[in-house]
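This report refers to the structure that appears directly beneath it.
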Amino acid sequence: MYNPGASKLSKIPKIIVGDPIDEEFFKIVEGRAEVIRAYDVDDEDFASLLKGADIVIVRSRRRITRALIDCADCLKVIARAGIGLDNIDVDYARSKGIIVVPVAEASIEAVAELTIGFMIALSRKIPQLDSKVKKGLWCKSEGVGLELKGKTLGIIGLGRIGSRVAELAKAFGMRVIAYDPYVDRMAASKIGVELIDKLSDLLKISDYVSIHTPLTEETYHMIGERELKLMKPTAFLINTARGSIVDEKALIKALKEGWIAGAALDVFEDEPLEDSDLVKFDNVILTPHIGGSTIEAQKSIARILAEKIMEYIESICKDNGNLK
Ligand code: NAD
C-alpha cells in the first residue's frame with residue numbers, strides 16, 4: 001500500500017528504469033541513486049521491483065497502470081522519457097501524491113524532421129521506387145513526383161512539434177494552415193501560420209494533413225470516415241502523434257477506395273503493429289514509433305531527465321537533511 005506520509009527519502013533513492021534510455025542518464029545519476037534496469041521484465045516482476053522504489057522511468061512502451069501503482073509502497077515520481085502520458089494512469093498516480101514528470105522538450109526536432117521526411121518520401125514515392133530499383137526494375141516513368149513548394153500543409157495541433165513542422169514547411173515554400181482551438185490567432189500568425197476555425201475546412205483545402213495533437217477524449221478518432229472523405233483525393237495524411245487519433249479501419253477503407261493519395265504513419269492504434277491491412281498499400285509508409293528516436297533526442301531526453309530527477313532528489317534531501 002502506498003504511504004503518503006513516506007514522502008521523505010530516508011535511504012539512497014531507488015530508481016527503476018522500465019524502458020531503455022540513453023547511457024547519458026546512467027552517467028549522471030551514477031553513485032547518487034540505486035538504479036535498476038528493468039527493460040525485459042514482465043508486469044509481475046516489474047511490480048515486485050516497484051516495492052521500495054522512489055522513482056520509476058518509462059518511455060512509451062511500458063504501461064504504468066493503476067494496478068502497478070498499487071504495488072508501489074513509496075513511489076514519489078513517475079518520469080516519462082519523452083512526450084505523451086497516455087501509457088501512464090496520470091490521474092490515479094496524482095491522486096496518490098505521485099508526481100508525473102514528462103520530458104517534452106527534447107524530441108521536437110526529431111519528430112518535426114520525420115514529418116517533413118514523410119512528406120517528401122510520399123511526394124517522391126521514395127519507398128516504392130527504392131524497392132523496385134533493388135528488385136532490378138528501372139521504372140523511371142513511374143517516378144514522377146510532386147514538390148512541396150506551393151502546396152498547402154494543414155497542421156492539426158499547433159503546439160511544440162506542430163509549430164516546428166510549420167517553420168520547416170515554410171522554408172520549403174509551403175502555405176501552412178492549422179486547426180487548434182486552444183491557440184491564439186496572433187501567436188499563429190507570428191510564425192506565418194493561418195489559423196482555421198473548422199477542422200472540416202482545413203481537411204478540404206490541405207494537400208498534406210499532419211497530426212500533432214495529444215491523444216485525449218476529444219482527439220480520439222478525430223480523423224474518421226467523415227474527415228477522410230473531406231480530404232482531397234490527391235492529399236496525404238501524416239500521423240506522428242498518437243495512433244488512436246486516427247480511426248485505422250476508416251483509414252484502410254479510405255486507402256482502398258482512393259479517398260486520399262496516401263499516408264505515412266509512425267504511430268498505431270495497437271503497437272507493435274500486427275495483422276494490419278495497412279502493410280498492403282504501396283502508398284503507405286509505416287515506421288515503428290521512431291519519431292523521437294534520434295541519437296540527439298535520446299541523449300537530450302536522458303540528460304534532461306537525469307537533471308530533473310537529481311534536482312528533485314536534492315530538493316527533498318535539503319528538506320529532510322537526511323541524505324547526502
Ligand atoms: P503540445 O502539447 O506541445 O501540442 C499539442 C497541441 O495540440 C496544442 O497546441 C493543443 O492546443 C493542441 N490540441 C489539443 N487538443 C486539440 C484538439 N482537439 N484539436 C486541435 N488541436 C488540439 O504537444 P507536442 O509536444 O507538440 O506533441 C504532439 C504529439 O506528438 C503528441 O501526441 C505526442 O505524444 C506526439 N509525439 C510523438 C512522438 C513519436 O515518437 N512519434 C514523439 C514525441 C511526441
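Each ligand, and each atom within it, is numbered from 1 in the order the structure gives.
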Worksheet entry | Contact list for residues 81-92, test salt bridge (Lys or Arg N to Asp or Glu O under 4.0 Å), sequence neighbours left out |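 Salt bridge (Lys or Arg N to Asp or Glu O under 4.0 Å) check on residues 81-92 returns Asp86-Arg242.
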Indicate every side-chain donor-acceptor pair of residues 296-308 with a distance under 3.5 Å to a residue at least two apart or in another chain.
| residue | atom | partner | partner atom | Å |
| --- | --- | --- | --- | --- |
| Gln298 | NE2 | Gly292 | O | 2.6 |
| Lys308 | NZ | Pro102 | O | 3.2 |

Practice prompt. Among Arg61, Arg37, Arg80, Arg62, find the one that has a side-chain hydrogen bond (donor to acceptor under 3.5 Å, both in side chains) with Asp19.
Written response: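 Exactly one option meets the side-chain hydrogen bond (donor to acceptor under 3.5 Å, both in side chains) with Asp19, and it is Arg61.
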Discussion item. Taking side-chain contact (heavy atoms from CB on, under 4.5 Å) as the definition, give me every residue that meets it alongside Lys170, ordered by chain and number, with sequence neighbours left out.
Written reply: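 Counting only residues at least two positions away or on another chain, Lys170 forms a side-chain contact (heavy atoms from CB on, under 4.5 Å) with Val176.
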Discussion item. Taking Ile223's backbone N and O only, do any of them form a donor-acceptor pair with Asp247's side chain (distance below 3.5 Å, no angle check)?
Written reply: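 No, the answer is negative, given that no donor and acceptor are paired below the 3.5 Å cut-off.
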Fill in: Distance (rounded to the nearest 0.5 Å) between Ile64 CD1 and Ile78 CD1
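Answer rounded to 0.5 Å: 6.0 Å.
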Close N/O pairs between ligand 1 and protein, under 3.5 Å:
| residue | atom | partner | partner atom | Å |
| --- | --- | --- | --- | --- |
| ligand 1 | 3 (O) | Arg160 | N | 2.9 |
| ligand 1 | 3 (O) | Arg160 | NE | 3.1 |
| ligand 1 | 3 (O) | Arg160 | NH2 | 3.4 |
| ligand 1 | 9 (O) | Gly159 | N | 3.3 |
| ligand 1 | 9 (O) | Asp180 | OD2 | 2.6 |
| ligand 1 | 11 (O) | Asp180 | OD1 | 2.8 |
| ligand 1 | 11 (O) | Asp180 | OD2 | 3.2 |
| ligand 1 | 18 (N) | Glu218 | OE1 | 3.4 |
| ligand 1 | 25 (O) | Arg160 | NE | 3.0 |
| ligand 1 | 25 (O) | Arg160 | NH2 | 3.3 |
| ligand 1 | 26 (O) | Arg160 | N | 3.4 |
| ligand 1 | 26 (O) | Ile161 | N | 2.8 |
| ligand 1 | 32 (O) | Thr213 | O | 2.7 |
| ligand 1 | 34 (O) | Arg242 | NH1 | 3.3 |
| ligand 1 | 34 (O) | Arg242 | NH2 | 3.3 |
| ligand 1 | 40 (O) | His289 | NE2 | 3.3 |
| ligand 1 | 40 (O) | Gly291 | N | 3.3 |
| ligand 1 | 40 (O) | Gly292 | N | 3.2 |
| ligand 1 | 41 (N) | Thr240 | O | 2.9 |
| ligand 1 | 41 (N) | Asp266 | OD2 | 2.9 |

